[in-house]
Asks: 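Sharing a structure here in structure tokens format.
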There are 2 protein chains.
Amino acid sequence: MLQAVTEMMEGEGPTARQQDVLDAVLRLLVEEGDRLTMTAVARRASCSKETLYKWFGDRDGLLTATVQWQASKVRVPPVDRKGLDLVSLTASLERFASDWLRVISSDTSIALNRVGVVHAGSDKRDLGAIVLERGRFALGRRLKPVLEAGREAGLLEFDDAEEAFRTFFGLVARDVQIRLLLGDRLELTAAGIDGDAARATQQFLALHGAKTGPRAL
Amino acid sequence: MLQAVTEMMEGEGPTARQQDVLDAVLRLLVEEGDRLTMTAVARRASCSKETLYKWFGDRDGLLTATVQWQASKVRVPPVDRKGLDLVSLTASLERFASDWLRVISSDTSIALNRVGVVHAGSDKRDLGAIVLERGRFALGRRLKPVLEAGREAGLLEFDDAEEAFRTFFGLVARDVQIRLLLGDRLELTAAGIDGDAARATQQFLALHGAKTGPRAL
DNA sequence: GCGGCGCCGTACCGTACGTTACGGTTCGGC
DNA sequence: GCCGAACCGTAACGTACGGTACGGCGCCGC
């Protein structure tokens, strides 16, 4: 059973068939929450429980592989730092904000975060750490270069990029994530998300934008 | 069994003995998370399982009563609106912010929010709704009169008190709540909390403070 | 063509836990 | 002092589910 886990842990990602299984888990996770059973997974994925245990070791291994599989599907568009001006910086920030709002309000993200929270409450802290790493911290790693480029271009002012990012995070997410996790029906339309992203960006610029002469806002 | 639930649902709160039981559940919830068992509760509270079922109906009823019991323990200090100036408004906001940070970073709050999240993921949405109502929304109801008093006193500017509150919420909480829920070890010292509260308050005033002449910030 | 391997479907096992039942004890009212 | 109600401690029941074992089948290399 140990080499089964190893089989997934290191080396190249899951095979095509395994990806199908993990996608089935993902769908089931959205529908059923963390009370999905191994039997239900096997039925949905049209595979045997024996295969599940052979491939993923145990239930936790299956969930861990699922979280990592979903995380690996999110690709990071690189940011070009050349020709940065206030317009392009604003556009970048707004794009980050709306992307992020779309992610955290998606059924998949909510289900995955719920699983992470549940596991963080028990002994198995792994899943919570993974979700955190692939969510909140990954966003920070993506955004901080943008912020620093903005600072170098004289468009932003802040001491600590981490603190600046956390402010941006708070302005964007506000109470959305906790409300969704706690089951609040919070219908976010595309227009609403874009509007929120623009508002958060303007607020962030008001706090950390370079003060060249009288404030533009 | 139905009248057992009713026994707790309506009318006056739990008896002293029942409060002892609920406090035991609370402690157990902090230690064990949502995988506490009825047997463990009975043992910890030195009561019989029969009594638990008689008083609370079933496991969900016990958890619901616990969440409401904890919520009822938080008392709301009223806000005096007379003689409001920038100093007292700032102090009020900072106090709200530091209180809130202290609450959401407490073991009890984390455990309760975890329970709410897991229940929101299953069919039983009740607990999530209760936590949300007694947490996020209760804070909003407490803070909005302060904001509106500040606006009436000419100290704040905003169109929608709800939106202004959400901004304040985001500036205060930032990524703290989600990180704690996902198991991140986030040591918040008293000094750190007060500093964060002051920072969030200043940022909020920078965004929504009345612009009397050139900006003070 | 055939032997072995990987996988499917399913039956099975052990256990943990929610829920119920019951005997024994305390306590308030008469 | 006695009765009944409430409650404690514990044993017992039923079930759901994680994990395992096994028979059958298609596929790939030889």
Side-chain angles (χ1 to χ4, degrees), chain A residues 1-8 11-12 14-25 28-29 31-67 115 118-119 121-124 126-127, chain B residues 1-8 11-12 14-25 28-29 31-67 115 118-119 121-124 126-127:
Chain A
M1 65 181 73
L2 197 51
Q3 73 274 23
V5 180
T6 313
E7 179 175 341
M8 282 292 309
E12 62 299 335
T15 68
R17 177 75 180 112
Q18 287 171 341
Q19 292 177 13
D20 291 342
V21 173
L22 295 179
D23 281 328
V25 176
L28 222 41
L29 220 42
E31 297 169 20
E32 306 264 329
D34 72 323
R35 62 201 165 131
L36 61 75
T37 68
M38 298 298 278
T39 304
V41 170
R43 192 160 42 228
R44 177 69 69 97
S46 294
C47 72
S48 73
K49 288 209 287 177
E50 188 184 38
T51 302
L52 291 181
Y53 284 101
K54 183 175 165 54
W55 284 349
F56 305 105
D58 59 5
R59 189 174 185 275
D60 270 336
L62 178 62
L63 290 179
T64 303
T66 302
V67 171
V115 172
V118 169
H119 271 67
S122 61
D123 295 333
K124 313 291 277 183
D126 310 352
L127 274 185
Chain B
M1 64 182 73
L2 198 52
Q3 73 273 21
V5 180
T6 313
E7 179 175 339
M8 281 293 309
E12 60 300 333
T15 68
R17 177 74 180 111
Q18 287 171 341
Q19 291 177 14
D20 290 342
V21 173
L22 294 179
D23 281 329
V25 176
L28 222 39
L29 221 42
E31 296 169 20
E32 306 264 332
D34 71 323
R35 62 203 164 130
L36 59 74
T37 69
M38 298 298 279
T39 304
V41 170
R43 192 161 43 226
R44 177 70 68 100
S46 295
C47 72
S48 73
K49 290 207 277 181
E50 187 184 38
T51 302
L52 291 182
Y53 284 99
K54 181 175 166 56
W55 284 348
F56 306 105
D58 58 5
R59 190 174 184 276
D60 269 336
L62 178 62
L63 290 179
T64 303
T66 303
V67 171
V115 173
V118 59
H119 270 67
S122 61
D123 295 334
K124 313 289 279 182
D126 311 353
L127 275 185

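A note on names: the letters A, B, ... follow the listed sequences, proteins ahead of strands, and every chain is numbered from 1.
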Asks: Say whether Asp60(A) and His119(A), considering side chains only, have a donor N or O and an acceptor N or O under 3.5 Å apart.
Replies: yes
Asks: Identify the pairs formed between an N or O of the protein and an N or O of nucleotides 11-18 of chain D at a distance under 3.5 Å, and give each distance.
Replies:
residue: dG18(D); atom: OP1; partner: Arg59(A); partner atom: NE; Å: 3.0
residue: dG18(D); atom: OP2; partner: Met38(A); partner atom: N; Å: 2.9

Asks: One thing to verify: whether Glu31(A) and Arg44(A) come together as a salt bridge, which I'm taking to mean a side-chain N less than 4.0 angstrom from a carboxylate O.
Replies: yes
Asks: Which value, rounded to the nearest 0.5 Å, describes the distance between Thr15(A) atom OG1 and Trp55(A) atom CH2?
Replies: 5.5 Å
Asks: Between Arg59(A) and Tyr53(A), does the side chain to side chain contact (heavy atoms under 4.5 Å, CB included) criterion hold? Intermediate values first, please.
Replies: CA-CA 8 Å; Arg59(A) 189 174 185 275; Tyr53(A) 284 101; 5.6 Å; no
Asks: Can you check the Arg43(B) CZ to dA16(C) P distance for me, whole Å?
Replies: 13 Å
Asks: What residues form a salt bridge (charged side-chain N to carboxylate O under 4.0 Å, His left out) with Asp126(B), not counting sequence neighbours?
Replies: none
Asks: Considering all heavy atoms of both residues, which atom of Leu52(A) and which atom of Cys47(A) are nearest to each other, and what is their separation?
Replies: CD2-SG, 3.6 Å
Asks: Taking it one step at a time, do Arg43(B) and Met38(B) satisfy side chain to side chain contact (heavy atoms under 4.5 Å, CB included)?
Replies: CA-CA 9 Å; Arg43(B) 192 161 43 226; Met38(B) 298 298 279; over 6 Å; no
Asks: For nucleotides 6-8 of chain D, tabulate all protein N/O to nucleotide N/O atom pairs closer than 3.5 Å, reporting atom names and distance.
Replies:
residue: dC8(D); atom: OP1; partner: Arg17(B); partner atom: NE; Å: 3.4
residue: dC8(D); atom: OP1; partner: Arg17(B); partner atom: NH2; Å: 2.9
residue: dC8(D); atom: OP2; partner: Ser48(B); partner atom: N; Å: 3.4
residue: dC8(D); atom: OP2; partner: Thr51(B); partner atom: OG1; Å: 2.8
residue: dC8(D); atom: N4; partner: Glu50(B); partner atom: OE1; Å: 2.9

Asks: Drop me the distance from Thr66(B)'s OG1 to Leu127(B)'s CG, to the nearest 0.5 angstrom.
Replies: 9.0 Å
Asks: Send over the distance from Leu52(A) CG to dT20(D) C1', rounded to a whole Å.
Replies: 13 Å
